[in-house]
Amino acid sequence: MVPAKPRVLYWFRTDLRLHDSPALKAALDLKPECLYPIWCWDPHYVYRARVGPNRWQYLLDCQSDLSASITKLNPKSKLFVLREAPQTVLAKLFKAWKISHLVFEKDTDAYARQRDEDVIKQAEEAGVEVIVKMGRTLYDPDELVKANGGKPTMSITQVQHAAEKLDEVAKPVPTPESLPDPGNASLDFEHTPPSPKPDFNDIQRIDMESSYTHLAGPEGDFGVPTLSELGLKPATTQHRGGETLALRALDEIISNKTYTATFAKPATAPTAFDPQSTTLLSPHHHFGSLSVRLFYWRVMDVLKEYKGKQSTIPTNLIGQLLFRDMYFGAQTALGYSFAQTHGNSHCRFIPWHLPSKVDPSNGLVTGDHHIDSPEAETWFDRWKWGKTGFPWIDALMRQLRQEGWIHHLGRHAVACFLTRGGCYIDWERGAEVFEEWLIDHEVSCNSGNWQWLSCTAFYSQFYRCYSPIAFPKKTDAKGDFVRHFCPELKDYPEKFIYEPWKAPVADQKKAGCLIKGDGQETEDGGMKVYPKPMFDFNARRSICLDAMKSAYHINLYGDNLKVKDGTWRELFPDSAEGPTEGKSAKDAINGEETGKKTRPKRGEEASGDMGVDQDEGEAAEVGGETKGGDQEGKSPGKRKRKGQGTLDAHFGGKRTKK
DNA sequence: CGATGAGTTGTTAGA
DNA sequence: TTCTAACAACTCATC
């Protein structure tokens, strides 16, 4: 009996490329009778994740380019976009298209794992064989974590040591030269449009979201959707996606051997924008339109040949990829909790303003936040919309909104400003804005970088704080970057470009822009207006510094029971920055989720000690990581403190003792 | 175990 | 202009 030839569903997700795709190669190695290249238009990303027009456009670029490349290899084929959740549509396709194999690239963020587990189960039930191949990172995050003793990778040293135990980074696999025909794409089954509520992107839509009206799209041709179907405004970014552009960009970078071999991230200018000083490959890596392993080996080839002085890990290009793998490893080990403080065993708890609301039924943030301080809410709003009155911060936030990309150090500057170095606002608020606006947004990297900058994980030198005035001067004394993104300030003298409020009114008038108000008005009697700074930066920096010092001494992590039940407040001095005290603040925050509604308690010990709760479950994912000792041994009492001053006074009797 | 040096990416004053 | 030290002080890796 001759076995039937395989009929393969190749499910594209964040691997929108034909080159160096181990999963696609595995699909083709089956020598299938037919291969359907498909994409599921997943409602999770349409409604439940924050995605703005710029990243959507980038995705559509990637899909269109991929579809055209598929058609080039086989005129009968293309990318078949199905407007339905993978969790509901795939099982129907298995049947309707008589599928024998489902093949896809492994994805490791918390949602992706849950989704894929669900789909794999359905495939097994349908008798469909599933093939999953890694191709998204240098190392398989699961293996990396395993090699790191089952613990999340929290430093580059850990990544390097773990990587030494693994095989070397996989060499790129060849790009296919032909593709099998797709089979008959009949849609002889019921379409299940998703529920549009809740819609996290509702506020962005200028029109009804209508991408789910037909399974194969409005033309019935499985075509790539449009922004207008999503009810979104057109993209404003000039950065375009797609494998063709990605490979061209890669060639250009690699052709400049000196740039490639001497690249040192901290030395690149965050003020450079035309052209930018870094590679801008991150969005290609995010969508998989450029293989990180291809990039790795192309860079390694240059490093092997280059005779001059080279930059090294971690500042060189290879180091950048290692950081990416580090965040993937941390996310993999911690699951959903990695993207939030609540329940996160490796993220410090700081009593930030505007903390997230948490759903007590699952311990996950709801997407909404508490307004413990109306002032902080105003600061957050002004930060988001580029109206803080600090030109460097505002220019960056406007570039981010318009173009969907800012330099890594620019991200440092605005993140530090929002959290530990200015507003003392929860990093999760900032991460949400980045999630919406960045074209290269990646859950693990975004969460990781925000934790880094807010000094809640990965990094702890909170006394190193970016100044919105001194920092940009280092690479852009003239203020060209600010003049471009805050054009109302373009005629300001160099002397005042980063602190325009210091310009005498006569100079303000001469430059055609008055410094006044809080960002509401943009014009006054025919003269442009730029807001006054929303606070005294140096005063805020010192308040934040003291607050961070205090929170570090109190030393709570996101999985601590006191963090979970709200009793952390008892440990903080009443005068501490953040929602630590005051009847109204306490009611506003405690009322809803702690109150008398007790969360399920298991093994809880109300001893007042830093109990370590292991019931969140994420750790099980990596084979029962236990970190019971984590908070032990870090007790504040062990720490030597030589300063006297105000701070110690606050601690009197407040610190927990062991 | 304690001590020491390093840690991708700070700022400022003063030489 | 470019360099250094002081600022105040964190965790991690290594010896």
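Order of the sequence lines fixes the chain letters, A, B, ..., with proteins taken first and strands second; residue numbering starts at 1 for each chain.
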Do other residues, nucleotides or ligands put more than 12 heavy atoms under 6.0 Å from A/Asp167 CG? no
With sequence neighbours left out, write down each residue that passes ring-ring contact (aromatic ring centres under 6.0 Å, His included) with A/Phe323, or none if nothing qualifies. A/Trp452
In whole angstrom, give the distance that lies between atom CH2 of A/Trp392 and atom P of B/dG10. 14 Å
Has A/His161 got a side-chain N or O lying under 4.0 Å from the OP1 or OP2 atom of C/dT14? yes
Suppose you measure atom P in C/dA5 against the same atom in B/dG5; what distance do you get, rounded to whole Å? 15 Å
Give me the one residue out of A/Tyr58, A/Trp405, A/Phe295 that meets ring pair (Phe, Tyr, Trp, His ring centres under 6.0 Å) with A/His284. A/Tyr58
Please assess A/Arg401 against A/Asn54 for the test side-chain hydrogen bond (donor to acceptor under 3.5 Å, both in side chains), listing each intermediate value before the final yes or no. CA-CA 9 Å; A/Arg401 177 156 45 97; A/Asn54 287 335; over 6 Å; no
Check whether the side chains of A/Glu428 and A/Thr341 place a donor and an acceptor atom closer than 3.5 Å, and report yes or no. yes
Report yes if at least one side-chain N or O of A/Arg541 is closer than 4.0 Å to OP1 or OP2 of B/dG10; otherwise report no. no
A/Gln158 CD - C/dA13 C1' separation (whole Å): 10 Å
Euclidean distance, atom CZ of residue A/Phe537 to atom C1' of B/dG10 [Å, nearest integer]: 10 Å
Give the rounded distance in Å between these two atoms: CG of A/Leu453 and P of B/dT9. 11 Å
Side-chain N or O of A/Lys474 closer than 4.0 Å to phosphate OP1/OP2 of B/dT11: yes
Let me know the distance between NZ of A/Lys473 and C1' of B/dT11, rounded to the nearest Å. 12 Å
How far does the C1' atom of C/dA13 sit from the matching atom of B/dC1, given to the nearest Å? 15 Å
What does the 5'-to-3' dot-bracket notation of DNA chain B look like when only Watson-Crick and G-U wobble pairs under 3.5 Å count, and pairs to other strands show as |? .||||||..||||||
Rounded off to whole Å, could you give me the CG-to-P distance for the A/Leu409 and B/dG10 pair? 9 Å
NA contact type, A/His407, heavy-atom cut-off 4.0 Å: base, sugar-phosphate, or nothing? nothing
Suppose you measure atom C1' in C/dC7 against the same atom in B/dA3; what distance do you get, rounded to whole Å? 23 Å
Does NZ or CZ of A/Lys473 lie under 6.0 Å from the centre of the six-membered ring of A/Trp392, at an angle within 45° of the ring axis? no
Rounded off to whole Å, could you give me the CZ-to-C1' distance for the A/Arg348 and C/dC12 pair? 12 Å
Roughly how far apart, to the nearest Å, are C/dA8 and B/dG7 at atom P? 24 Å
Strictly by modelled atom types, are A/Thr475 and A/Thr271 linked by a side-chain donor-acceptor pair under 3.5 Å? yes
Pairs under 3.5 angstrom, nitrogen or oxygen only, protein versus nucleotides 5-8 of chain B, please.
{"from": "B/dG7", "atom 1": "N3", "to": "A/Gln461", "atom 2": "OE1", "distance (Å)": "3.3"}

Side-chain contact test, heavy atoms from C-beta onward, threshold under 4.5 Å: evaluate it for A/Arg483 versus A/Pro391 and give yes or no. no
Could you grab the distance from atom CH2 of A/Trp379 to atom OG1 of A/Thr388, nearest 0.5 Å is fine? 12.0 Å
A/Phe417 CZ to B/dT9 C1', straight-line distance once rounded to whole Å: 19 Å
Side chains of A/His353 and A/Pro579: does their closest heavy-atom pair fall under 4.5 Å? yes
